[in-house]
Amino acid sequence: MSSPTVHVLDDAESVAAAAADQIIEAATAAVTARGVFHLCTTGGSTPAALYRALREPSRATRMPWAQTQIWFGDDRFVPRADALSNVFSLDAQLLNPSADGVASPLSPSAVHPWPTAAADAPTAVSAYLGELRGAEVPHTPTGFPIFDLVLIGVGSDGHCLSVFPGSPLALDGAPVAAGVPAPTHIEPHLPRLSFSLGMVTSAREVFALAPGAGKAEVLARIFSNSTTVADAPAKAALIPTATWLLDTASAASLPS
Ligand code: 6PG
């Protein structure tokens, strides 16, 4: 099976800049082909720099914002206004007016957060899957949404989305999405809502963003042959449709 593309850049800012440029390319191609760009973004701290890079005037003018719809691969089961929610970072960096009062190029209706006001996880999950159908996002025969581009981060334990090592969401035949109990080994210790790995492998394109020395050990494990997807779920993105954007610090321990 052919492998993913791996780019090693200088640092986290270069990773954010490269990711932003490649998102604009993917968005332009999707809009040309299908009239719309469905982007599924990731959580964690890494996307903030990417959102800022996308908002820089030289890029913001090239991004087809009006045809862009933004979804989330996972979120913490907390209110949108909670700083620990993944949508909070997007709101702060991309949707709210900038520090110098410039309005966001993105319409609030183009952002689709997980419905964390729902009474429970099954209700939130079925509502979100219903919203995807309502938005006419294409789906696989097995029910996975086919996003134009999925962004994932990589946790220090090898997780992506909120699919942690040993998770049933890492297994073949897993449900499309589900509630995830609060992890005890990874911050924040909050319950989650997450797609399973089939969403990553069903996407037209995947960008894995993993800059920083803190990722070097886990990336070495992910790229080694001695681990499985169950051990390190982010391995599911070692696929030909994926581009891994690393920096010299995070790539330092990769097999040559
Ligand atoms: C989450 C994320 C998670 C994240 C990784 C990397 O909700 O926490 O979706 O999968 O991408 O934990 O996080 P950092 O970018 O903060 O290193």
Side-chain angles (χ1 to χ4, degrees), residues 9 11-16 18-20 39-53 70-80 82-94 111-114 116 121 124-125 128 147 149-167 169-170 177-201 203 206-222 229 231-237 242-247 249-251:
L9 301 143
D11 53 27
E13 281 309 307
S14 315
V15 166
L39 171 66
C40 184
T41 190
T42 183
S45 58
T46 300
L50 162 62
Y51 297 149
R52 287 193 295 275
I70 301 186
W71 305 84
F72 290 79
D74 72 317
D75 211 329
R76 297 80 182 265
F77 205 169
V78 293
R80 181 172 186 164
D82 186 314
L84 289 174
S85 81
N86 288 334
V87 63
F88 183 92
S89 172
L90 186 136
D91 287 347
Q93 303 294 340
L94 201 46
V111 178
H112 304 271
W114 283 84
T116 55
V125 167
Y128 205 47
F147 293 112
L149 178 60
V150 169
L151 308 180
I152 64 164
V154 178
S156 56
D157 62 347
H159 81 263
C160 68
L161 309 175
S162 282
V163 183
F164 299 102
S167 166
L169 294 185
V180 176
T184 53
H185 68 296
I186 283 272
E187 294 279 353
H189 303 314
L190 290 169
R192 316 293 183 91
L193 300 165
S194 182
F195 285 104
S196 58
L197 297 179
M199 181 278 282
V200 176
T201 53
V206 177
F207 291 172
L209 312 177
K215 310 275 174 175
E217 188 270 333
V218 70
L219 287 171
R221 284 183 53 238
I222 288 170
V229 169
D231 304 329
K235 270 182 89 90
T243 299
W244 286 66
L245 296 170
L246 315 178
D247 63 8
S250 65

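Start at 1 with the first residue, then count along the sequence. Whatever order the structure lists them in is the order used to number ligands and atoms, beginning at 1.
The single protein non-hydrogen atom nearest to atom 11 (O) of ligand 1 is Thr42 OG1, 3.2 Å, given as residue, atom name and distance. Counting protein heavy atoms only, atom 13 (O) of ligand 1 is closest to Gly44 CA, 3.8 Å. Ranking the protein heavy atoms by distance from atom 8 (O) of ligand 1 puts Arg76 NH2, 2.7 Å first. Ranking the protein heavy atoms by distance from atom 5 (C) of ligand 1 puts His159 NE2, 3.6 Å first. Among protein heavy atoms, the minimum distance from atom 4 (C) of ligand 1 is reached at Gly43 O, 3.9 Å.
When each atom of ligand 1 is checked for a heavy atom of Arg192 under 4.0 Å away, the hits are 1 (C), 7 (O), 8 (O). Interface of Asp74 with ligand 1, defined as ligand atoms under 4.0 Å from a residue heavy atom, comprises 1 (C), 2 (C), 7 (O), 9 (O). Interface of Gly153 with ligand 1, defined as ligand atoms under 4.0 Å from a residue heavy atom, comprises 11 (O). Listed by atom number, the atoms of ligand 1 under 4.0 Å from Lys215 heavy atoms are 6 (C), 14 (P), 17 (O). Of all atoms in ligand 1, numbered sequentially from 1 with element shown, those under 4.0 Å from a heavy atom of Cys160 are 10 (O). Which parts of ligand 1 touch Asn86 is read off a 4.0 Å heavy-atom cut-off, strictly below it: atoms 1 (C), 7 (O).
Tyr128 and Trp114 have their aromatic ring centers within a separation under 6.0 angstrom.
The shortest heavy-atom contact between Ile222 and Ala232 is CG1-CB, 4.0 Å. Taking both residues in full, the closest heavy atoms of Ala53 and Ala20 are given as CB-CB, 3.8 Å, listed atom of the first, atom of the second, then distance. Taking every heavy atom of both residues into account, Tyr51 and Thr41 meet most closely at OH-OG1, 2.8 Å.
Considering only heavy atoms from C-beta on, Val78 stays 4.5 Å or farther from Thr116 through its side chain. In this structure, the side chains of Pro233 and Leu197 come closer than 4.5 Å at one or more pairs of heavy atoms. Counting heavy atoms from C-beta outward, Trp244 and Leu219 have side chains that approach closer than 4.5 Å.
Using a cutoff of 4.0 Å between basic side-chain nitrogens and carboxylate oxygens, Arg76 and Asp82 are not scored as salt-bridged.
The CZ atom of Phe77 lies 12.5 Å from the OG atom of Ser162; values are rounded to the nearest 0.5 Å.
Considering backbone and side-chain N/O of Leu161, one or more are found under 3.5 Å from N/O of ligand 1. Close N/O approach between Thr46 and ligand 1 is found [any backbone or side-chain N/O within under 3.5 Å].
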